[in-house]
4 protein chains.
Amino acid sequence: MTQLKQGKPVRGTGVREAAAQATRDSILRAATKVFARYGYDGGSVEKISQTAKTYDRMIYYYFGNKEGLFIAVLEDIYQRMDDAEAKFAPDPSDPVEALKTVVRFKVAYYRKNPDFITLLNTENLHKGKHVSKSPRAREFSAQAVTLIADILAVGAERGLFRSDLDARDVYLLIVSMSYFYTSNRYTMSAFLGEALDGAEAVARWEAVVIDCILRTVRVDAPSR
Amino acid sequence: MTQLKQGKPVRGTGVREAAAQATRDSILRAATKVFARYGYDGGSVEKISQTAKTYDRMIYYYFGNKEGLFIAVLEDIYQRMDDAEAKFAPDPSDPVEALKTVVRFKVAYYRKNPDFITLLNTENLHKGKHVSKSPRAREFSAQAVTLIADILAVGAERGLFRSDLDARDVYLLIVSMSYFYTSNRYTMSAFLGEALDGAEAVARWEAVVIDCILRTVRVDAPSR
Amino acid sequence: MTQLKQGKPVRGTGVREAAAQATRDSILRAATKVFARYGYDGGSVEKISQTAKTYDRMIYYYFGNKEGLFIAVLEDIYQRMDDAEAKFAPDPSDPVEALKTVVRFKVAYYRKNPDFITLLNTENLHKGKHVSKSPRAREFSAQAVTLIADILAVGAERGLFRSDLDARDVYLLIVSMSYFYTSNRYTMSAFLGEALDGAEAVARWEAVVIDCILRTVRVDAPSR
Amino acid sequence: MTQLKQGKPVRGTGVREAAAQATRDSILRAATKVFARYGYDGGSVEKISQTAKTYDRMIYYYFGNKEGLFIAVLEDIYQRMDDAEAKFAPDPSDPVEALKTVVRFKVAYYRKNPDFITLLNTENLHKGKHVSKSPRAREFSAQAVTLIADILAVGAERGLFRSDLDARDVYLLIVSMSYFYTSNRYTMSAFLGEALDGAEAVARWEAVVIDCILRTVRVDAPSR
DNA sequence: TATGAATGAGCGTTCATTCAT
DNA sequence: CATGAATGAACGCTCATTCAT
């Protein structure tokens with residue numbers, strides 16, 4: 001379809017509205033789980049309604065259609081990621097430690113939220129067509145980039161970090177390394193012949209990433 | 001019905017065998033395209049048979065079932081990647097240049113073969129269940145890792161590179177940055193509000209990655 | 001999709017429930033006819049839905065799957081046989097006449113309900129696997145055997161019948177002769193070279209069976 | 001189809017003809033097993049060719065098509081039954097013992113050859129359409145009836161048996177009771193709530209049938 | 001607001017059969 | 001004589017979605 005149908009938001013604060021909100025939430029949670037596990041095409045409306053212990057019809061009532069539901073799921077996981085990022089908020093005044101914290105947060109977040117990854121991969125498979133239909137999804141954008149920029153600025157000011165860095169690049173470097181490691185753990189484990197998802201292996205990777213990032217941002221030692 | 005059970009290769013060199021091989025190949029090519037575009041569930045047998053200009057029935061004839069076809073596709077793209085990697089073969093005797101070449105190759109390969117990426121993401125969505133059923137897929141493994149190891153060894157010997165590095169880690173760093181940039185270009189472009197897939201943007205990213213990798217592997221300049 | 005999982009009965013008495021019941025009934029009737037005529041494998045879901053003037057989909061809606069529908073058909077024909085048997089109810093006080101009535105009923109019932117026979121044969125081809133899945137099918141059991149027992153008891157009491165008879169055996173004898181004659185009429189007619197299904201031939205067979213049964217249950221005339 | 005295609009019979013006695021005959025026989029044996037187990041529609045050409053360890057194509061080569069193969073199977077089992085019946089050949093000079101032997105043979109034959117029963121039931125499901133296309137199937141006919149006639153004649157001559165009996169009726173009575181017991185053992189076991197196929201239960205039933213038949217054919221004791 | 005009933009297209013797969021050597 | 005390749009219809013079943021209350 002081309003025209004996006006909208007489901008009704010739940011309004012009001014009465015008892016019935018609360019019940020309705022509960023139904024809506026339970027559908028959203030179920031859809032997140034099902035889409036994350038089976039992808040967009042593999043995640044059927046029936047699987048979702050059963051997981052949510054409600055009826056197919058309710059999905060159409062609240063979200064218009066399957067696509068509308070998927071968009072709502074994307075908006076929701078972006079929102080939750082944004083909230084989590086705002087919450088952990090490292091202090092830029094110690095730029096080295098702050099950068100380490102950012103990496104640790106990213107590695108941990110992807111590892112603990114594999115749904116986030118498979119949903120984003122699913123969306124990329126569809127060339128971002130759902131995100132592009134969501135006005136809300138565009139709002140989030142890069143508070144994380146701003147944070148990196150702050151850290152880099154403090155670091156540069158103190159002569160610790162290079163001053164020719166683009167915060168966006170550093171952000172992308174951190175995200176790449178953190179995301180890919182979880183995202184491709186199954187094929188990579190098979191390819192390398194060793195498991196990547198043990199706690200020990202993850203800790204090791206975290207150290208590698210921190211080392212890599214710090215070496216990248218630090219000023220070159222003055223050559224003699 | 002049909003006498004084949006599994007996706008046996010076509011044997012013989014006569015005219016009919018050649019025609020049969022052509023049919024088989026055309027199915028494999030079509031399946032690669034369709035699975036890469038629509039994912040496993042979204043890639044229907046009918047879409048594939050129509051793209052290959054043959055009949056659904058032939059897919060079962062040559063590949064047993066949909067899953068067998070998907071496995072064959074995975075084996076094929078791994079094989080082609082392996083071949084390409086063997087072919088580009090940079091000389092480790094100039095380790096800095098060799099590392100740069102590896103990065104350039106990886107960035108370019110993923111960019112030119114987005115099918116490879118969506119197929120691998122699809123397989124990761126399914127937790128690697130198809131790869132685990134393929135004996136051939138296990139054979140490829142890491143000639144690339146060996147190459148990196150060679151480069152790092154020469155570099156360390158000459159006092160250019162650190163000697164405490166694990167080739168696997170460096171390999172993973174390079175792959176992460178190269179893969180992720182293409183893999184998540186749609187959601188990242190939306191998130192950052194700027195296009196990532198232009199030639200210029202890619203060249204820029206390639207430079208960032210090369211810089212990052214070299215800084216990571218180089219020995220620390222002796223502090224005075 | 002559809003909310004029902006198994007063949008729930010239709011509840012309620014409103015207009016819509018009545019329409020739903022009509023749909024369900026029409027599927028059941030059509031399935032009885034089609035399965036009886038073509039067997040389980042030969043009786044396709046499409047043939048049934050077309051006969052019932054509805055959609056394939058509705059079969060899954062009301063009966064879960066093809067097997068569920070077949071089980072429902074078996075339960076239904078057993079139920080109808082049970083009802084018919086309860087209804088004809090001969091008076092055991094005239095045991096000879098009662099036995100004759102039982103035979104006449106059996107011969108007539110199988111003749112008038114060839115569907116019952118082909119469905120049972122189909123189920124025996126499948127080694128009773130569907131009946132074994134039906135809780136309801138087990139309930140019916142042998143009210144007919146009880147009736148035979150009553151008749152034999154009265155007959156024995158009056159010195160007409162033997163007292164060493166097992167009602168179950170007599171029941172099986174009657175059923176064998178009645179059932180087989182209709183069940184195997186096509187191969188038997190070909191084998192014997194004469195038609196068995198004319199009204200006259202059936203009447204003749206009925207007499208043979210009655211004679212056979214009565215001679216079997218009667219006390220031996222006291223030899224002098 | 002309406003026109004019966006014929007497969008080629010195997011001619012000659014050379015080595016290659018023997019191999020061909022072996023292939024043909026193995027298909028026939030496999031088809032008997034498969035049709036007996038799954039029915040006509042449920043018994044696919046593939047199942048048969050695999051069981052026979054040959055190729056689908058061979059079935060068409062030797063038997064024309066699926067229907068031709070089924071007809072060949074029917075002819076074969078009729079032939080084998082006829083041979084077995086000719087072989088056991090009881091002596092009519094002791095008519096009581098001969099009748100008992102006939103019953104024992106019938107009960108045993110059906111029990112040991114359930115394939116015969118399911119194939120005949122399958123053919124009856126199809127209203128005898130295949131038998132009617134077989135010229136050979138008509139030849140067998142009732143040597144068994146003739147045997148019964150002989151036995152009854154001797155018995156009547158000696159004043160042991162009634163003289164108003166039709167051999168065909170007695171034959172049908174014996175066959176009914178023997179055939180039905182095995183034919184409907186699954187549904188009947190479920191219905192009666194007791195297993196019918198144990199050796200003991202079968203022996204018991206054999207005795208019941210013998211008793212029933214003898215009482216039916218014996219002359220009435222002269223009433224005083 | 002919630003729910004049972006209906007709809008028709010499409011799914012992966014198997015069918016019996018024929019075409020070519 | 002045997003066999004690999006091809007064919008198109010049909011199979012049981014699930015899909016996302018809409019109609020009615």
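Proteins get letters first, then strands, A, B, ... in listed order; numbering begins at 1 in each. Worth knowing before you read on, the calculation uses all heavy atoms, side chains too, and leaves out hydrogens, waters and symmetry mates.
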*Derivation and outcome, ring pair (Phe, Tyr, Trp, His ring centres under 6.0 Å), residues B:His130 and B:Tyr40*: CA-CA 11 Å; B:His130 303 108; B:Tyr40 183 79; 5.1 Å; yes
OP1 or OP2 of [N] versus the side-chain N and O atoms of [X]: is any pair under 4.0 Å?
| X | N | result |
| --- | --- | --- |
| A:Tyr60 | F:dT17 | yes |
| D:Tyr55 | F:dA2 | no |
| A:Tyr62 | E:dA2 | yes |

*Could you tell me whether B:Gly42 contacts a base, only the sugar-phosphate backbone, or nothing, with contacts defined as non-hydrogen atoms closer than 4.0 Å?*
nothing
*Would you indicate what B:Thr23 reaches in the nucleic acid, counting non-hydrogen atoms under 4.0 angstrom: base, sugar-phosphate, or nothing?*
sugar-phosphate
Is a side-chain donor-acceptor pair under 3.5 Å present for [Y] with [X]?
| X | Y | result |
| --- | --- | --- |
| B:Thr187 | A:Asn124 | yes |
| B:Glu75 | B:Ser134 | yes |
| D:Ser49 | D:Asp56 | yes |

Return the value, rounded to whole Å, for the distance between atom [atom1] of [X] and atom [atom2] of [N].
| X | N | atom1 | atom2 | answer |
| --- | --- | --- | --- | --- |
| B:Glu46 | F:dC13 | CD | P | 20 Å |
| B:Asn65 | E:dG12 | CG | P | 11 Å |
| A:Ile59 | E:dA2 | CD1 | P | 14 Å |
| D:Met58 | F:dT3 | CE | P | 7 Å |
| C:Lys66 | F:dC11 | NZ | P | 9 Å |
| A:Ile48 | F:dT17 | CD1 | P | 11 Å |
| B:Lys53 | F:dT7 | NZ | P | 14 Å |
| C:Lys47 | F:dC13 | NZ | C1' | 17 Å |

_Options E:dG4, E:dT18, F:dG12, nucleotide nearest the side-chain atoms of A:Arg57_ = E:dG4
*asked:* Check this for me: does any side-chain nitrogen of one of C:Glu67 and C:Lys133 sit under 4.0 Å from a carboxylate oxygen of the other?
replied: yes
*5'-most by nearest nucleotide on DNA chain F - C:Tyr40 or B:Thr54*: B:Thr54
*asked:* Judged by each residue's nearest nucleotide on DNA chain E, which is more toward the 5′ side, D:Ser44 or C:Asp56?
replied: C:Asp56
*Does some side-chain heavy atom of C:Asp115 sit less than 4.5 Å from a side-chain heavy atom of C:Phe35?*
no
*Where the side chain of A:Ser26 meets the backbone of A:Ala52, is there a donor-acceptor pair that is under 3.5 Å apart?*
yes
*asked:* Are there runs of at least three consecutive Watson-Crick or G-U pairs touching DNA chain F, with each pair's two distances under 3.5 angstrom? Give them by first number.
replied: E:2-21 with F:2-21
